[in-house]
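One structure is given below, encoded as structure tokens.
First listed ligand is number 1; within each ligand, the first listed atom is number 1. Being a predicted model, the structure only gives us computed values, none of them experimental. Numbering of residues begins at 1 and proceeds along the displayed sequence.
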Amino acid sequence: MGLFTLLALSSLMFFASISISSAELQAKVGVCYGQLGNNLPTPSKSVELIQGLNAKRVKIYDANPQILAALKGTDLQVSVMVPNEIITNISSNQNLADQWVKTNVVPFYPETKIRYLLVGNEILSNPPNTTWFNLVPAMRKIRYSVKKFGLKKIKVGTPLAMDVLGSSFPPSSGSFRPDVSDKVVKPLLRFLNQTKSFFFVDVYPYFAWAAQPTNINLDYALMSPTNITYTDPVSGFTYTNLFDQMLDALIFAMEKLGYPNIRLFIAETGWPNAGDVDQIGASIYNAATYNRNVVKKLMAKPNIGSPARPGVVLPAFIFALYNENLKPGPGTERHFGLLYPNGTKVYEIDLSGKTPLSEYKPLPKPTNNEPYKGKIWCVVAEGANQTALAAALSFACGQGNGTCDPIQSGGKCYKPNTLIAHASYAFSSYWAQFRKAGGTCNFNLLAVQTTQDPSHGDCKFPSITL
Ligand SMILES: *[C@@H]1O[C@H](CO)[C@@H](O)[C@H](O)[C@H]1NC(C)=O
Ligand SMILES: *[C@@H]1O[C@H](CO)[C@@H](O)[C@H](O)[C@H]1NC(C)=O
Ligand SMILES: *[C@@H]1O[C@H](CO)[C@@H](O)[C@H](O)[C@H]1NC(C)=O
Ligand SMILES: *[C@@H]1O[C@H](CO)[C@@H](O)[C@H](O)[C@H]1NC(C)=O
Ligand SMILES: *[C@@H]1O[C@H](CO)[C@@H](O)[C@H](O)[C@H]1NC(C)=O
Ligand SMILES: *[C@@H]1O[C@H](CO)[C@@H](O)[C@H](O)[C@H]1NC(C)=O
Ligand SMILES: *[C@@H]1O[C@H](CO)[C@@H](O)[C@H](O)[C@H]1NC(C)=O
């Protein structure tokens with residue numbers, strides 16, 4: 001028997017011998033209430049909408065007092081975030097931790113059912129910085145304050161992204177990144193163990209699939225029924241979807257650091273309902289399919305768990321409540337919502353899991369499950385701020401070679417001589433030169449991709465071709 005087989009057997013036996021007490025924890029799906037939009041409903045209207053989705057939990061990304069007040073007296077279990085920026089100061093100052101809890105939590109507890117304080121957001125995905133090493137000390141101080149103020153039902157955690165793993169495939173090879181494993185994750189696991197808290201993790205099969213759409217089957221990523229299975233050659237576990245694979249990679253990584261049974265909490269999962277032309281698989285159809293499937297799995301009775309932990313409860317938040325128009329980054333970032341900003345559902349969904357999949361009305365079939373092939377231009381987004389647009393135009397024209405020559409007086413694209421027409425030309429010209437080097441069609445949300453050629457007459461807009 002080789003060393004690998006021995007290791008595999010011992011890990012199998014290890015898993016078999018644990019049973020995670022979860023009687024006190026109910027399967028409940030919640031929603032992430034992000035507020036990066038300038039067109040979102042009020043907190044009290046939002047709370048109604050959250051209840052209308054049959055969510056049982058809600059996560060907010062700060063400690064917004066209007067939201068916490070609007071949640072008073074509801075049954076929603078609430079997760080509140082301690083901002084990244086104050087982690088370092090809190091980590092070395094118990095008074096600051098006390099102050100934060102006293103100001104942001106005490107006034108609302110217990111009427112607002114605050115249950116989780118999440119310290120920072122995906123801290124270990126940011127560039128290396130001392131905040132990494134202050135994270136667990138800050139969590140300990142916040143936890144101490146929670147105790148001090150007698151807030152009995154509150155646990156302390158920190159949500160991390162899957163990039164905290166250096167290796168995740170096959171799942172049995174799961175291990176934490178060497179730059180954080182010993183110095184941050186190990187103390188974190190010790191803290192979570194001591195305080196019986198959860199490992200909060202953001203799990204996005206969408207991003208894993210979108211990075212390798214030819215290697216990973218879409219239905220496997222969408223958690224749709226398929227006949228596709230993957231058997232981990234070391235653990236022998238058989239997988240029927242990507243989500244379970246990702247969770248188990250994390251479980252194996254924790255086991256390697258000596259903490260095999262810390263409970264998981266899905267801090268975020270979801271699928272975008274739209275995105276940029278050069279992005280793949282973001283559609284209402286796929287978003288509805290993934291989110292309905294994940295809710296069905298998480299709310300199933302008896303609990304399903306994952307191959308490494310069959311039958312366990314996986315508490316979760318779906319990302320996100322709204323499409324948020326001010327989120328930076330590619331178009332998908334602004335389209336994870338279950339709701340449009342006007343409060344209408346993007347597609348039918350019931351987070352209680354009680355609506356059978358067969359009761360949902362059919363949705364239009366997706367058209368972008370394959371990469372787009374053709375030309376793309378980059379033009380001014382609807383409603384762009386004129387002052388900011390003038391600055392972006394001048395920035396774009398300052399980059400590259402002759403980027404804006406045709407919109408100079410007498411040039412082929414000078415007319416119409418409007419800010420929007422000129423900026424659209426400049427954005428297309430900039431992007432055509434810089435996309436290969438990582439340039440984006442974004443300009444602080446002033447630009448969007450289009451497949452409609454904006455050229456007119458003798459004026460030809462530069463494009464990229466996929
Ligand atoms: C370090 O990271 C924190 C949290 O992510 C951030 O707020 C801060 O600006 C960063 N500091 C530097 C010097 O980059
Ligand atoms: C952290 O503390 C330093 C020193 O007291 C202060 O200058 C700084 O503004 C604080 N940072 C934050 C984000 O509160
Ligand atoms: C799985 O395989 C069975 C038998 O070959 C077939 O009838 C069924 O349609 C397949 N299901 C899916 C979802 O592909
Ligand atoms: C915490 O660690 C102890 C000892 O290593 C272990 O017995 C226990 O199961 C762990 N608890 C959790 C929740 O991980
Ligand atoms: C809400 O917004 C969506 C997306 O913009 C739109 O399609 C829908 O018609 C709007 N619904 C109402 C009731 O205004
Ligand atoms: C437009 O952008 C300018 C400069 O970026 C900013 O100062 C101004 O507040 C913005 N106006 C609106 C209405 O957002
Ligand atoms: C601009 O021209 C110079 C010299 O011909 C060339 O080295 C550079 O790569 C060009 N830049 C772009 C963005 O095309």
Side-chain angles (χ1 to χ4, degrees), residues 10-11 13-25 36 61-63 81-104 115-143 145 154-161 163-164 174 176-177 179-180 183-202 247-248 250-265 267-268 305-306 308-309 311-315 327-329:
S10 69
S11 72
M13 284 166 4
F14 208 176
F15 281 122
S17 67
I18 43 167
S19 82
I20 292 163
S21 155
S22 52
E24 78 280 11
L25 182 72
L36 296 179
Y61 289 81
D62 53 13
M81 214 170 262
V82 179
N84 293 357
E85 296 71 37
I86 63 173
I87 289 174
T88 290
N89 281 5
I90 284 185
S91 71
S92 60
N93 189 335
Q94 186 62 52
N95 281 335
L96 281 182
D98 291 353
Q99 270 308 316
W100 195 90
V101 171
K102 195 176 171 191
T103 310
N104 296 289
R115 292 292 177 269
Y116 309 101
L117 294 185
L118 301 185
V119 179
N121 195 26
E122 299 188 347
I123 281 295
L124 301 181
S125 304
N126 292 339
N129 135 354
T130 51
T131 305
W132 283 7
F133 309 101
N134 296 329
L135 176 60
V136 178
M139 292 171 75
R140 289 196 180 276
K141 293 225 165 28
I142 291 285
R143 156 87 180 163
S145 308
I154 296 184
K155 294 210 179 284
V156 176
T158 187
L160 298 177
D163 66 2
V164 73
F176 291 102
R177 266 170 23 213
D179 59 340
V180 290
K183 288 203 172 114
V184 187
V185 178
K186 214 165 180 179
L188 172 64
L189 295 177
R190 188 146 58 94
F191 170 82
L192 298 177
N193 174 296
Q194 286 169 344
T195 61
K196 297 190 170 57
S197 185
F198 299 81
F199 194 111
F200 287 83
V201 61
D202 296 346
L247 289 190
D248 280 9
L250 176 59
I251 291 168
F252 275 100
M254 293 198 293
E255 187 203 338
K256 284 188 190 115
L257 287 188
Y259 294 93
N261 48 358
I262 288 174
R263 295 176 295 177
L264 298 189
F265 202 123
E268 288 182 6
S306 66
R309 287 188 184 167
V312 305
V313 176
L314 286 169
K327 276 203 90 184

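Closest non-hydrogen pair, Glu268 versus Tyr61, comes out as OE2-OH, 2.6 Å. Scanning both residues, Ala267 and Asp202, for their nearest heavy atoms gives CB-OD1, 3.2 Å. When all heavy atoms of Ile87 and Gly120 are compared, the closest pair comes out as CD1-CA, 3.7 Å. Between Ser125 and Ala161, the shortest heavy-atom contact is OG-CB, 3.5 Å.
Taking the six-membered ring for Trp, Phe199 and Tyr259 have ring centres at least 6.0 Å apart.
Inside a 4.0 Å radius of atom 5 (O) of ligand 2 there is not any protein heavy atom. Distance check on atom 2 (O) of ligand 1: some protein heavy atom falls below the 4.0 Å cut-off. Within a 4.0 Å radius of atom 9 (O) of ligand 4, the protein has at least one heavy atom.
In this structure, of Asn84, Leu96, Asn89, Ile90, the residue bringing a heavy atom nearest to atom 14 (O) of ligand 2 is Asn89. Residue Asn129 holds the heavy atom nearest to atom 12 (C) of ligand 1 of all those in Asn129, Thr88, Leu135, Thr131.
Of all the atoms in ligand 4, the ones that sit under 4.0 Å from a non-hydrogen atom of Ile262 are 14 (O). Close contacts between ligand 1 and Ile123 involve ligand atoms 4 (C), 5 (O) [criterion: under 4.0 Å to a heavy atom]. In the vicinity of Asn126, heavy-atom distances shorter than 4.0 Å reach the ligand 1 atoms 4 (C), 5 (O).
Once rounded to the nearest 0.5 Å, the distance linking CD1 of Ile123 with CG of Asn84 reads 3.5 Å.
The shortest side-chain heavy-atom distance between Phe176 and Val164 falls under the 4.5 Å cut-off.
Under a 3.5 Å cut-off, the side chain of Arg309 and the backbone N or O of Ile251 do not form any donor-acceptor pair.
Of the protein's non-hydrogen atoms, the one nearest atom 11 (N) of ligand 4 is Asn193 ND2, 3.0 Å. Scanning the protein for heavy atoms near atom 13 (C) of ligand 2, the closest one is Glu85 O, 3.5 Å.
With a 4.0 Å heavy-atom cut-off, ligand 1 is reached by no atom of Thr130.
Backbone and side-chain nitrogen or oxygen atoms of Tyr259 are examined, and none is located within less than 3.5 angstrom of a nitrogen or oxygen of ligand 4.
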